[in-house]
Undergrad: 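To start, I am sharing the structure in question, which I have written as structure tokens.
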2 protein chains.
Amino acid sequence: MKWWGWGSDDVSFTHEGKPELAPFIERVLGLDVRRPGTRPIAFRDLEVPAPQLEAGLAARLEDAVGTEHVSRDDHDRVVHARGKSLTDLIRQRRGDFGRLPDAVVRPATEDEVAAVVRAAVEEDAVVIPFGGGSSISGSLEAEAGEARPVISIDMSRMNRVVSIDSASRLARVQAGVFGPDLERQLNARGWTCGHFPDSFTYSTLGGWIATRSSGMQSDRYGDIADLTRGLRVVTPTGTLVVRPVPSTSTGPSVREMVLGSEGRLGVITEATIHVRPVPAERKILGYLFPTWAAGLAAMRDIAASEASPSVTRVSDAPETAFSFAMREAPTALDRVKSRALQAFLRRRGWDLDAMCLSLIGYEGTARHVAGQRKLTERIVKRRGGLGIGQSPGRLYDQKKFDTPYIRDFLLDRGAPADVSETSAPWSELGTVYDQVMAAGHGAFRRLDVPGYLMCHLSHSYHAGACLYFTFALKPPGDHDPLEDYRVVKHAIQQAFVDSGATLSHHHAVGTEHAQWLEEDISTPGVAMLHALFDGTDPGANLNPGKIVAGVPIREPNA
Amino acid sequence: MKWWGWGSDDVSFTHEGKPELAPFIERVLGLDVRRPGTRPIAFRDLEVPAPQLEAGLAARLEDAVGTEHVSRDDHDRVVHARGKSLTDLIRQRRGDFGRLPDAVVRPATEDEVAAVVRAAVEEDAVVIPFGGGSSISGSLEAEAGEARPVISIDMSRMNRVVSIDSASRLARVQAGVFGPDLERQLNARGWTCGHFPDSFTYSTLGGWIATRSSGMQSDRYGDIADLTRGLRVVTPTGTLVVRPVPSTSTGPSVREMVLGSEGRLGVITEATIHVRPVPAERKILGYLFPTWAAGLAAMRDIAASEASPSVTRVSDAPETAFSFAMREAPTALDRVKSRALQAFLRRRGWDLDAMCLSLIGYEGTARHVAGQRKLTERIVKRRGGLGIGQSPGRLYDQKKFDTPYIRDFLLDRGAPADVSETSAPWSELGTVYDQVMAAGHGAFRRLDVPGYLMCHLSHSYHAGACLYFTFALKPPGDHDPLEDYRVVKHAIQQAFVDSGATLSHHHAVGTEHAQWLEEDISTPGVAMLHALFDGTDPGANLNPGKIVAGVPIREPNA
């Protein structure tokens, strides 16, 4: 795993083979990505603070998981110090490490996790569960002033599908399994979990649960909150066992307290999750809408209809332009821009700069797919949309997990890029979008830097949907990119909560979104979370400072 | 409202007009219901303890809601003292009142609720929110030894649909609205909430939320936990406001903490709930299965299929026999038992004493209903089932809310009857059923009393379903019916948690199920609930003793 960026050391993004991308980026950010970027300093040139682990605790940890699974290695500690937020990446690249963990332990069983937690609580150390390390909300970093020993519990050895209950369509799975490994184990027996977040390659089941993750096919499979039924969580008072019943009336839902708990209540060791047979047919089709408003209205109509597609996604015009600029070889998509189609769309009165690309997915038996498609396309047509075939969907499906690598490519060239996502009722989505766009572009203007802001709708529900914003900026050489980034991120997040939307649909609170929590869930809501965390973990040994009382991104004097 | 039984003073159940019912009850319970029953003692003959409300608190309450809305009337206080559990009914009928509330206050606005809660916390009184008063889990009764003043907050004046957001299919609704009034207000504008619990007539939106209620069409509309998006709750630290966003990643779900909280976190004043257009077509059709196992398998197959009916319900053989015994006039159902059909079923190898009645509902456009029905009936047929038309569904639909009145009819004749419901994964339902049946019949045998125990499956989910048991017994004259009832209830509830099922699917914990909570959600789960309640309500002013630390039904020395 890269200590300074996303994903594997041997994978990176390049503009090469995407002929329209470099001109596009030059046009919108004034950045020539054909010039080589700077790379982070070499790991050997970094000054990594030595671990502080007194002998008694070290012995207990080694006793718990075996000597070879307690690591004090510098690279290990640096990789486990943080997630992959833009703030994390910039600071890592600078060698500005903050409070590194003193040890990385790798338990193989729930008993080993329990022994680690017991040792930590009794010796007054801090434990931070670590799944795939891809948090982009600051959920993995110890507090700056933490004087106690800090232990990162890497769950990756607990990666088995324990059993599958075919009749109930439930699988017992260890929490440390990564997305691809989970699907591989399930697929081998004909099943799928169907949870495909953008972080899929570098995130784990336990991490999904701890952050309330959502995958791109959530319209069909549900969010991780819907997919998770049973739970096992090592807490300071023993192992919490949530039974995998379909629905229950046992007071406030303990299951829903673990979901999104970011390690504040304990270490998730196992979950019993929904699985479904691998569908006979799976199609993601491309559509174009003449405007963003038409695209939004179509998605809303589909949610209100008797159709139930597996994916509903529509990009605004800026993201549509970016998608077209990402094209590799000539594909069927190209037909869209062919003179003939352009002429056709213009005759229909389309403004090609306003048009919006949509992807809609269908899954199931051939008959079901055909029926769903028919119902859905009737709505698309009524909203002025146009089918453009399978190519855009195929491309998206192949490339969806590569997107995070672009951030490092741009950061190498001095351009911070990041995402912020939210959700709101259908009736508010247009307003939320307008306010976020105004806030983001206002921030670019205040900073006087070139910036780009784009959005797509995904994850449709009965009463609303997720809006997912991506932004990039190119500060001049005399600006601190981290400070400029924070101004834009702050403006967007503030626009979310000011417009009645939520601080995050599926990226969690961590420390980076904590300052908006009170505005989102109100003061008594924060008080309830405090009550839960403080009462469950009176010694503040479990990932303290996350969700509530975190280190906020403050509005800098921009 | 009856102070001694279910529902309105002017409605009661009778066996008259149901020619097969009295013989059926005589056969299974040895009870001749044609003999007149005893009625509860007259209200005027009761000794109702005087309220204890010191002048300062009384003045603050009158200031908060107006003098005319603070009641110290005996009948009012008796009606608000408890819900309608069998234990409640038996004790009420005996004039054994427990700790009555000292005042019943009826606020009209959230501000008035806040003033009442503020007064209660500052004067160290206890507040117990009261919706429809139909709790059957002991959620409404003050603790026996409560020395502080007890205030019942009757929410029935807060009964308006505030607004409807048609685009988002959301309605803002005050929490005190009763089921029929809610549907009336929504229907007038073309909408429905679609939440129809058996208690519908005598329960409120706030009560549904506070107990995690589920309605008979939950397969389509979801449980109340799914239907509830936004919330307003008056807490000791101010008004909790949960935004009506479709999904969010703001840490442990505060929304899901309010769901099922039974007044322990505050008073729910308003919710923003899902609504849907009143469907064009709505059908509930009857089916017969040759065995309970075949019925269960069919329901499971339907849940795993691409069909999505609105109701899936199948009764076991004892409940099927009871349903047939409840028939009024000759209906199409009678054809089922006609000689011709009986002969036909026997030719197919059916044992008529083992056959199981099923109801499956379909809703939506005519095309959708037809499509769903086709998909579903293919499964029914594959599992050996047989369609028997619309009559059983029509009968069920008309009579579904009358069922609770039967309890009083039987109790008048010395026969306690009650319900216990649970949920479990599909693979476990057969075992859970067998163990509950064995436990219930074991209890009847130990007590040496005639008893009847029957069950239906309802509320199907991806991974499991609800099993709903109904039982009745006829203790001899020298037994205490309450003690005998408790032995049976205890045996059934214990069988739930022993077989991996949950203590309640949708009737809440209250005090009556509290003793099984730790076995269900494990010790750390109880600790988390304690942390939440104790931290949010440090003075224990909010309905103390419910869910955790309640007064359990203990296994008597039977």
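Note on naming: letters A, B, ... go to the chains in the order of the sequence lines (proteins, then strands), and numbering restarts at 1 for each one.
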Undergrad: Which bit of Leu265(A) is near chain B, if near means a heavy-atom gap under 4.5 Å: side chain, backbone, both or neither?
TA: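 Looking at Leu265(A), just its side chain touches chain B.
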
Undergrad: For Arg367(B), I'd like to know if atom CZ has over 12 heavy atoms of other residues, nucleotides or ligands within 6.0 Å.
TA: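 Not buried by this count: 12 neighbours or fewer within 6.0 Å.
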
Undergrad: Heavy atoms only, distances under 4.5 angstrom: which of Leu259(B), Leu429(B), Thr248(B) has the most pairs with chain A? Name it, please.
TA: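 With the most close heavy-atom pairs to chain A, the winner is Thr248(B).
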
Undergrad: If we define contacts as heavy-atom pairs under 4.5 Å, which of His462(B), Met528(B), His274(B), Glu262(B) has the most with chain A?
TA: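 If we count pairs closer than 4.5 Å to chain A, His462(B) comes out on top.
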
Undergrad: Return the option, out of Thr536(A), Leu517(A), Asp223(A), Val241(A), with the maximum number of heavy-atom pairs under 4.5 Å with chain B.
TA: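 Between Thr536(A), Leu517(A), Asp223(A), Val241(A), the count favours Val241(A).
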
Undergrad: Quick one: does Arg212(B)'s side chain have a donor or acceptor within less than 3.5 Å of a partner on Pro252(A)'s backbone?
TA: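 Side chain of Arg212(B) to backbone of Pro252(A): no pair is present.
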
Undergrad: Regarding Ser423(B) and Ser247(A), do their side chains bring together a donor and an acceptor under 3.5 Å, going by distance alone?
TA: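 Short answer, no.
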
Undergrad: If you count heavy-atom pairs under 4.5 Å with chain A, which of Ala304(B), Gly535(B), Ser249(B) comes out on top?
TA: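 Counting heavy-atom pairs under 4.5 Å, the top option is Ser249(B).
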
Undergrad: Only pairs of heavy atoms separated by less than 4.5 Å count here; which of Thr272(A), Val526(A), Ile521(A) has the most with chain B?
TA: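 Greatest number of close heavy-atom pairs with chain B: Ile521(A).
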
Undergrad: So which residue, Arg276(B), His368(B), His506(B), Arg255(B), ends up with the most heavy-atom pairs under 4.5 Å with chain A?
TA: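 That would be His368(B).
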
Undergrad: Taking ring-ring contact (aromatic ring centres under 6.0 Å, His included) as the definition, give me every residue that meets it alongside His507(A), ordered by chain and number, with sequence neighbours left out.
TA: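 Result, ring-ring contact (aromatic ring centres under 6.0 Å, His included) vs His507(A): Tyr468(A).
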
Undergrad: Please identify, among Leu529(B), Asp534(B), Thr422(B), the residue contributing the most non-hydrogen atom pairs under 4.5 Å to chain A.
TA: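 When all of Leu529(B), Asp534(B), Thr422(B) are compared, Leu529(B) has the most.
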
Undergrad: Quick check: do Leu532(A) and Met257(B) have side-chain heavy atoms less than 4.5 Å from each other?
TA: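 They are in contact (side-chain heavy atoms under 4.5 Å apart), so the answer is yes.
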
Undergrad: Can you tell which of Leu375(A), Leu240(A), Val254(A) has the highest number of heavy-atom pairs within less than 4.5 Å of chain B?
TA: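 Of the options given, most contacts go to Leu240(A).
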
Undergrad: Counting only heavy atoms closer than 4.5 Å, note whether Val233(B) contacts chain A via side chain, backbone, both or neither.
TA: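 The answer is neither part of Val233(B).
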
Undergrad: Between Gly464(B), Ala424(B), Gly251(B), who has the most heavy-atom pairs with chain A when the cutoff is under 4.5 Å?
TA: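 Among the listed options, the one with the most contacts to chain A is Gly251(B).
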
Undergrad: Can you name the residues that form a side-chain hydrogen bond (donor to acceptor under 3.5 Å, both in side chains) with Arg264(A), not counting sequence neighbours?
TA: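 Counting only residues at least two positions away or on another chain, Arg264(A) forms no side-chain hydrogen bond (donor to acceptor under 3.5 Å, both in side chains).
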
Undergrad: If we define contacts as heavy-atom pairs under 4.5 Å, which of Thr365(A), Asp301(A), Thr237(A) has the most with chain B?
TA: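 So the answer, after comparing Thr365(A), Asp301(A), Thr237(A), is Thr365(A).
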
Undergrad: Taking atom types as modelled and ignoring hydrogens, do the side chains of Asp520(A) and Thr250(B) form a donor-acceptor contact shorter than 3.5 angstrom?
TA: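 Per modelled atom types, Asp520(A) and Thr250(B) side chains form no pair under 3.5 Å.
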
Undergrad: Could you tell me which portion of Val242(A) (side chain, backbone, both or neither) has an atom closer than 4.5 angstrom to a non-hydrogen atom of chain B?
TA: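 Contact with chain B is absent: no heavy atom of Val242(A) under 4.5 Å.
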
Undergrad: Non-hydrogen atoms of chain B under 4.5 Å away: do they reach the side chain of Val497(A), the backbone, both or neither?
TA: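 Contact with chain B: backbone and side chain both.
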
Undergrad: I need the residue from Gly266(A), Gly364(A), Pro244(A), Ala501(A) with the largest number of non-hydrogen atom pairs under 4.5 Å to chain B.
TA: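 Result: the option with the highest number of such pairs is Ala501(A).
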
Undergrad: Please identify, among Ala531(A), Pro524(A), Gly260(A), the residue contributing the most non-hydrogen atom pairs under 4.5 Å to chain B.
TA: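 Looking at each option in turn, the highest pair count goes to Pro524(A).
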
Undergrad: How many angstroms lie between atom CD of Glu428(A) and atom OG of Ser168(B), to the nearest 0.5 angstrom?
TA: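 Atom-to-atom, Glu428(A):CD and Ser168(B):OG are 6.5 Å apart.
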
Undergrad: Between Ala465(A) and chain B, with a heavy-atom cut-off of 4.5 Å, which part of the residue counts as in contact: side chain, backbone, both or neither?
TA: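 Ala465(A) touches chain B through backbone heavy atoms alone.
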
Undergrad: To the nearest 0.5 angstrom, please state how far the CG atom of Leu503(A) sits from the CZ atom of Arg243(B).
TA: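 Rounded to the nearest 0.5 Å, the CG-CZ separation comes out at 8.5 Å.
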
Undergrad: Measuring heavy-atom distances to chain B, does Thr239(A) have an atom under 4.5 Å in its side chain, in its backbone, in both, or in neither?
TA: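 Contact with chain B involves the backbone of Thr239(A) alone.
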
Undergrad: Against chain A, label Thr211(B) side chain, backbone, both or neither, depending on which of its atoms sit under 4.5 Å from a heavy atom there.
TA: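 The answer is the backbone of Thr211(B).
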
Undergrad: Using only atom types and a distance under 3.5 Å, with no angle test, would you say the side chain of Arg169(B) pairs donor to acceptor with the backbone of Ala303(A)?
TA: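 A pair under 3.5 Å: yes.
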
